[in-house]
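Here the structure is laid out as structure tokens; the discussion comes afterwards.
We count ligands from 1, going down the list as the structure has it; atoms in each ligand are counted the same way. Here the structure is a predicted model, which means the values were calculated and not measured.
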Amino acid sequence: MESNQQYQDLAGKTALITGGTKGIGKAIADRLSQAGARVIVTARHQPEETDSPPPFIKADITQPQQVAELAQAITETYGGLDILVNNVGGVTAPGGGFSSLTDQDWEQELQFNLLAAIRLDRALLPTMIAQKSGVIIHVSSVAGIKPVWYHNLAYAVSKAGLNAYSKALSNELAPKGIRVLTVSPGATNTPLMQQLVQRYAATAGLGADEAFQQMAAQAGGIPMGRMAEPAEVAALVYFLVSPAASYLTGANYLVDGGTVPVV
Ligand SMILES: NC(=O)c1ccc[n+]([C@@H]2O[C@H](COP(=O)([O-])OP(=O)(O)OC[C@H]3O[C@@H](n4cnc5c(N)ncnc54)[C@H](OP(=O)(O)O)[C@@H]3O)[C@@H](O)[C@H]2O)c1
């Protein structure tokens with residue numbers, strides 16, 4: 001998609017991107033803005049940079065009270081949303097398999113990757129239902145389909161739960177005019193992935209490149225031989241929220257360079 005003028009198919013739409021200040025979330029915010037959407041981003045820290053940053057609402061979306069305040073601010077200021085991208089998530093628990101994970105690690109991973117999205121959807125859905133339209137995206141991971149026990153056991157379980165929740169929600173909301181979709185990236189070049197590579201490199205006594213190659217090999221390899229760039233994930237999200245995807249709901253789309261080895 002080249003020209004911003006030619007593809008303003010999200011003009012008039014209001015979109016909230018959680019974690020829209022870095023990595024995949026920032027790329028989604030940029031892509032949807034290019035397509036003409038009014039984009040609002042939320043994260044725990046306001047970014048310092050940029051010429052014309054999108055409206056920012058500070059919230060830690062693992063905290064129920066802050067989610068309630070975020071939803072209230074969105075409803076009062078913008079009257080609701082057309083597009084909600086639940087992008088926040090990531091690996092917070094240590095690697096090493098089942099014996100390395102405490103109850104607290106499991107609870108934190110489930111809050112971050114599953115319950116935060118469920119809570120935010122619940123807070124924002126009433127206005128979408130009232131307007132009889134909307135699109136919700138859940139950013140999951142290939143780990144939800146293809147867990148790697150050493151690196152991401154609790155994360156993978158949380159994302160698998162998100163996949164099932166997203167499917168069930170799509171069935172409930174399809175008759176109400178709301179589409180719900182899941183996007184599952186593979187390894188993507190973001191601050192989160194860089195931290196994970198550094199963590200493994202330190203544990204294994206390797207350089208960053210070698211550490212990433214080992215991690216990718218442990219996950220079964222990446223046929224394309226490289227990570228995704230965030231813009232490549234954002235291109236898929238843009239398509240899914242656009243009018244061109246009007247008959248799509250309930251599916252989980254991989255953007256993984258061929259990583260998941262099954263059809
Ligand atoms: N990168 C990958 O390889 C990869 C692969 C598969 C799936 N994914 C998924 O893609 C999504 C985005 O990942 P990413 O790699 O882009 O992550 P990232 O680089 O860590 O960026 C995370 C974003 O979320 C915000 N954030 C973090 N915790 C938050 C909280 N509690 N409340 C509100 N905002 C919060 C961060 O800003 P603040 O720190 O200021 O809050 C930042 O804007 C996640 O769901 C992840 O599981 C990523």
### Task
Taking the side chain as every heavy atom from C-beta outward, state whether Q194 and N189 have any atom pair closer than 4.5 Å.
yes
Among all the protein's non-hydrogen atoms, which is closest to [atom], and how far away is it?
atom: atom 24 (O) of ligand 1; value: G19 CA, 3.2 Å
atom: atom 6 (C) of ligand 1; value: P185 O, 3.2 Å
atom: atom 1 (N) of ligand 1; value: T190 OG1, 3.0 Å
atom: atom 9 (C) of ligand 1; value: S140 O, 3.7 Å

### Query
When you look for heavy atoms under 4.0 Å from ligand 1, do you find them on the side chain of N189, its backbone, both, or neither?
neither
### Task
Give the contacting part of S184 toward ligand 1: side chain, backbone, both or neither, where contact means a heavy-atom distance below 4.0 Å.
neither
### Query
Taking everything shown except K146 itself, do over 12 heavy atoms lie less than 6.0 Å from its NZ?
yes
Backbone or side-chain N or O of [X] under 3.5 Å from ligand 1 N or O:
X: M193; answer: no
X: I61; answer: yes
X: S141; answer: no
X: I24; answer: yes
X: V142; answer: no
X: N87; answer: yes
X: T42; answer: no

### Query
Touching ligand 1 at all, M227? Heavy atoms, strictly under 4.0 Å?
no
### Message
Would T18 count as a contact residue for ligand 1, given that I'm defining contact as a non-hydrogen atom of the residue lying under 4.0 Å from a ligand atom?
### Response
no
### Task
Could you walk me through whether F212 and I222 pass side chain to side chain contact (heavy atoms under 4.5 Å, CB included), step by step?
CA-CA 11 Å; F212 175 68; I222 304 172; 3.8 Å; yes
### Summary
Looking only at heavy atoms, the pair that brings M227 and T188 closest together is SD-C, 3.8 Å
### Message
I need the minimum non-hydrogen distance between A208 and Q198, along with the two atoms involved.
### Response
CB-NE2, 4.1 Å
### Message
Which residue in the set V183, T18, V139 passes side-chain contact (heavy atoms from CB on, under 4.5 Å) when paired with V85?
### Response
V139
### Task
To the nearest 0.5 Å, tell me how far T127 OG1 sits from L125 CG.
8.0 Å
### Message
Applying side chain to side chain contact (heavy atoms under 4.5 Å, CB included) to H151 and L196, what does each step give before you reach the verdict?
### Response
CA-CA 9 Å; H151 291 294; L196 291 176; over 6 Å; no
